[in-house]
Amino acid sequence: MGCMPSLSAVSLPPEVLARYEAVIGLEVHVQLATETKIFCSCPTSFGAEPNSNVCPVDLALPGALPVLNRRAVELAVEASLALNCELRSYSRFARKNYFYPDLPKGYQISMYELPLAEHGWLEIEIDGVKKRLGITRVHMEDDAGKSVHDGFADSDRYSYVDLNRAGTPLIEIVTEPDMRSSDEAHALLTGLKQTLEYVAVSTCDMEKGHLRCDANVSVRLKGERALGTKAEIKNVNSFRFVKLALDHEIARQIALVESGGNVVQETRLFNPDTEETVSMRSKEEAHDYRYFPEPDLVPLRISDEWLSAIRSRMPELPAAKRTRFREQWGLSVYDTEVLTASRALAEYFETVAAVSKAPKAAANWVMGDLAGALKAEGKPISESPIAAERLGELVGLIGGEISGKLAKEIFARMFATGEAARTVIEREGLREISDADALSAIVDEIIARNLKQVEQYRGGKTTVLGFFVGQVMKATKGQANPAAVNELLKTKLG
Ligand code: ADP
Ligand code: MG
């Protein structure tokens, strides 16, 4: 190893890189949004005092027996359906044996040869090109606890174990090795997260570790059918890092193969500071885990009735919503993408569109003024001070009772107070003045006060009209209808 240059430093000529292709498969762990753990009734809440959410089951005390959480099964089924998988009517939990201090049972309860669901797919789209990526399987399992390492000096180094997380329900989603670039992997993860958030099976909060990804990658010469030896990059905690880690690892493997070496099957870790992957351990094989059917749990049977009940509750998925938004609301592809990014945003927009009966304006207000104001305050759409119905009401008033300019002012006040548009309009007298008599009086007064400009106008300098319009708008605090003002001025000055 000593004489080998740092492989990330090797920059390969593009014509060499072009002869290779990457093959990527992902394993994604997702925490299910249940109130309680998968095999006991301890809460799953985050941030509790260490070892406070534990009981004999997650402490693995002798004689304690697991009881499967029905809600966890339902969420796992919903996730599987959203990923277009076939559900097994009969699946089975299995013991995956390994030792780790934060795993007091000495095994994880997972699924092995009879997983919950298989043969699914998810479609991604990059630069308008769609590609369907295979989902190999979805299975249920319990999470381990957490080891916390503390202290630096040898005499002052401690490791602690917090078992609050032990027994949290997870699904593991395994993809086929169908991705050919880090961009495709990134798109799959983005689509997966979006889909799981839509069906609300998980919050997918990556900062809390609710979604964790292992990326498997190998390289081969283009045209080659056989898969190369893969390396697995463990537990990368952001999608951007997954992409960086894959890019580094692909370059490393190509350089290795080019220099006559062989990729070894191993588990690697990504270091975000150096943007490199480093070897962690040789990859364990399935037989290392000595899987066998979990004797403390009966096989999981999902009846047709239960499955169809869950199926009937499934919400609209992102792809279907995008199609419908284009057809029903006449939105552009771009607007549709933005407005369906999350289910909360999509539902907010639909309410604004329906209440205002002006879908295009609704889209502009939600993506423009509202998104900007929320961003400035660092708030998600779910915490918008303006309820969707109220924004819809405001947008509906534009062009009728109020001008677009006035609407912006009313919007700002609504955003600050959460009030309804009409409340703001009434209190602040922000109604548009288009009444000819009211405007006429104001226009007369402005003309009388600016006789010099009147002469200029009559002398042929018609650009002075803009000056008069400005004066009227100022006098009415922007409430005058600009078209009506223009008309009036022309008549009176002419
Ligand atoms: P293992 O038994 O080593 O865990 P699996 O067959 O279960 O391997 O696959 C784990 C993940 O690795 C899957 O997402 C799969 O698509 C992916 N994978 C398998 N073989 C390769 C390969 N040669 N190159 C890239 N990814 C692969
Ligand atoms: Mg595997």
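Read the numbers this way: they start at 1 and go in the same order the structure lists the ligands and their atoms. The chain is numbered in sequence order, starting from 1.
- In Arg240, the CZ atom is not crowded: 12 or fewer heavy atoms of neighbouring residues, nucleotides or ligands sit closer than 6.0 Å.
- Nearest-heavy-atom check against atom 3 (O) of ligand 1 across Glu232, Lys230, Gln265 picks out Lys230.
- Inter-residue side-chain proximity for Phe415 and Leu370 is flagged as met; some heavy-atom pair is nearer than 4.5 Å.
- Per-residue contacts place Val23 under 4.0 angstrom from the following atoms of ligand 1 (heavy atoms of the residue considered): 24 (N), 25 (C).
- Residue Glu176 has at least one heavy-atom neighbour below 4.0 Å for each of these atoms of ligand 1: 16 (O).
- Of the N or O atoms in Gly228, one or more lie within a sub-3.5 Å distance of an N or O in ligand 1.
- Residue Asn216 has at least one nitrogen or oxygen atom sitting less than 3.5 Å from a nitrogen or oxygen atom of ligand 1, judged on distance alone.
- Atoms of ligand 1 found under 4.0 Å from any heavy atom of Gly25, numbered from 1 in the order shown, are 14 (O), 16 (O), 17 (C), 26 (N).
- The distance criterion of under 3.5 Å between nitrogen or oxygen atoms is met by Pro177 with respect to ligand 1.
- Shown in contact with Val174 at under 4.0 Å from a heavy atom are these atoms of ligand 1, numbered in order with element: 13 (C), 14 (O).
- Ring geometry for Phe93 versus Phe39: interplanar angle over 60°, hence perpendicular rather than tilted (30 to 60°).
- By the 6.0 Å and 45° rule, Arg311 does not stack over the aromatic ring of Trp306.
- Taking every non-hydrogen atom of Leu26 and a distance limit under 4.0 Å, the qualifying atoms of ligand 1 come out as 14 (O).
- Using a 30° and 60° split on the angle between ring planes, Phe411 and Trp365 fall in the tilted class, from 30° to 60°.
- Using a 30° and 60° split on the angle between ring planes, Phe241 and Phe270 fall in the tilted class, from 30° to 60°.
- Within a 6.0 Å sphere centred on OH of Tyr100, other residues, nucleotides and ligands contribute 12 heavy atoms or fewer.
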